[in-house]
Protein chains: 2
Amino acid sequence: MSNYYQGMKADMKSELIIRQIGQVRDKANAFLIKELKRRHMKGIAPTHGDILWALYTYGELPMNKLAQIIGRDKSTVTALVNKLINFKYVEKRTDPADSRISNIFLTEKGRAMKQDFWEVSEALRAKAYQGLSKEQMATLMELLNKIQENL
Amino acid sequence: MSNYYQGMKADMKSELIIRQIGQVRDKANAFLIKELKRRHMKGIAPTHGDILWALYTYGELPMNKLAQIIGRDKSTVTALVNKLINFKYVEKRTDPADSRISNIFLTEKGRAMKQDFWEVSEALRAKAYQGLSKEQMATLMELLNKIQENL
DNA sequence: ACGTTATAGTTTGACATCAAACCTTTTCTA
DNA sequence: TAGAAAAGGTTTGATGTCAAACTATAACGT
């Protein structure tokens, strides 16, 4: 951030935490997009990655669970999932017990990408957390959790 | 966040910091939008607020400085500023020393909103930082700065 | 059993956002 | 001095995102 914040009143600085959080988020996303692109996964946004990550972790999931996990609106998930379907990373099938429910599952192609995703995520971690100890990271997580609970 | 993260491998937890950062950001934005709306400032997004905030703080600014301050692309700032112009919160005038440069300044109506913005920002702070000490906030800021520098 | 209410996911519209291309103006270099 | 390069901001296209409205299905209450 530029010098524009020099000389600010002290009580305005606490506002900067939320701004900095936004900055970190933007930068992390930019990094992810770049890394995904580098691995020929162009067109995959961080939230597509979130969906794939959820499927790698939990296996087949209904749409509303995906929406919950990645923290996005149902309608957003529809569009995201449809793109992944077009790319043939996932498929959709109706739940036999409740035909309102669409379950999303990984294709062979989608499963084959797991390693790449792990590497991208590793790269992000390595870069972001340089010079941070385990304790610092734990503290950070604790504070972020606190703020999230507050909001 | 739901129970889906229970039982995860320990080394995956550090990935959650970035996710949590995203969540906090999303929630903060949602809060801001709600509060702005409540004050009849519908249609004003957090980034519009960032622009107004920059103008409150620094006075008249050229477009590229606004883009730098709020961390957004020039073309985004064009659209954001145009909306603020339509709402009559700001106006634009060409710099006499360099006719490529458009300077953006607050109107009377825009200046009259400062108090509301301060209150919204206060409300966000009050809510987000409940139960956090000054030291914790300083620690948090320090860690976020570190991550941002890394990325 | 039937009508009402709730749920799951989709469609539609609006908009913030970025990247690329573009146009005008200014700066730089030979 | 003239042409090339750079800078400032706009336009255009694509896309993630949310909210509202919608459709089909399931659950609930009488």
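Naming: A, B, ... by sequence-line order, numbering from 1 per chain. Note that the structure is a prediction, hence the values are computed from the model and not measured.
- Distance CG (B/L66) to P (D/dG9): 9 Å, rounded to an integer number of Å.
- Nucleotides of DNA chain C nearest to A/K37 and B/A45 differ in position, and the one nearer the 5' end is that of B/A45.
- For the pair B/L36 CG and C/dA16 P, the computed distance is 13 Å after rounding to whole Å.
- Between A/S99 and B/N103, the residue anchored nearer the 5' end of DNA chain D, judged by the nucleotide with its closest heavy atom, is B/N103.
- In this structure, the separation between NZ on B/K109 and CZ on B/R111 is 13.5 Å, given to the nearest 0.5 Å.
- The hydrophobic clustering, which links ILVMFWY residues whose side-chain heavy atoms are closer than 4.5 Å, places A/L32 and A/F87 together.
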Using nucleotides 10-13 of chain C, report all nitrogen or oxygen pairs with the protein that are shorter than 3.5 Å.
unit_1	atom_1	unit_2	atom_2	d
C/dT10	OP1	A/K92	NZ	2.4
C/dT10	OP2	A/T78	OG1	2.6

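- At least one test fails for A/R39 against the ring of A/W118: distance under 6.0 Å to the centre or angle within 45° of the axis.
- For A/I101, the side-chain atoms get nearest to C/dG9 when compared with the rest of D/dT17, C/dG9, D/dG8.
- Note: CG (A/D98) to P (C/dT7) measures 12 Å, nearest angstrom.
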>> Test side chain to side chain contact (heavy atoms under 4.5 Å, CB included) on A/V77 and A/T47; report intermediate values, then the result.
In response: CA-CA 9 Å; A/V77 172; A/T47 34; over 6 Å; no

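- Which of D/dG8, C/dA16, C/dG9 sits closest to the side chain of B/T47 comes down to C/dA16.
- Rounded to an integer number of Å, the gap from A/D26 CG to C/dA16 C1' is 12 Å.
- For the pair B/K83 NZ and D/dT10 C1', the interatomic distance rounds to 19 Å; values are reported in whole Å.
- Taking only distance into account, the side chain of A/R100 never meets the base of D/dA24 through a donor-acceptor pair shorter than 3.5 Å.
- Note on B/R72: every side-chain N or O is 4.0 Å or more away from OP1 and OP2 of C/dA16.
- Taking for each of B/N64 and A/L80 the nucleotide of DNA chain D with the nearest heavy atom, the 5'-most of the two is the partner of B/N64.
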>> Is there a side chain to side chain contact (heavy atoms under 4.5 Å, CB included) between B/I51 and B/Y89? Walk through the geometry before answering.
In response: CA-CA 11 Å; B/I51 287 176; B/Y89 294 136; over 6 Å; no

>> Before you tell me yes or no, could you show the steps for A/D26 and B/R25 under side chain to side chain contact (heavy atoms under 4.5 Å, CB included), namely the whole-Å CA-CA distance, both residues' side-chain angles and the distance that decides it to 0.1 Å?
In response: CA-CA 10 Å; A/D26 286 342; B/R25 162 62 170 293; 3.3 Å; yes

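- Protein atom NZ of A/K65 is 13 Å distant from nucleotide atom P of C/dT7, rounded to whole Å.
- In this entry the distance linking CD1 of A/I51 with C1' of C/dG9 reads 14 Å, nearest Å.
- Here the C1' atom of nucleotide C/dA8 and the CD1 atom of A/I104 are 12 Å apart, to the nearest Å.
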> Would B/Y129 and A/I18 count as a side chain to side chain contact (heavy atoms under 4.5 Å, CB included) if you check the C-alpha gap in whole Å, the side-chain angles of each, and the deciding distance to 0.1 Å?
Replying inline: CA-CA 10 Å; B/Y129 307 142; A/I18 299 285; 3.3 Å; yes

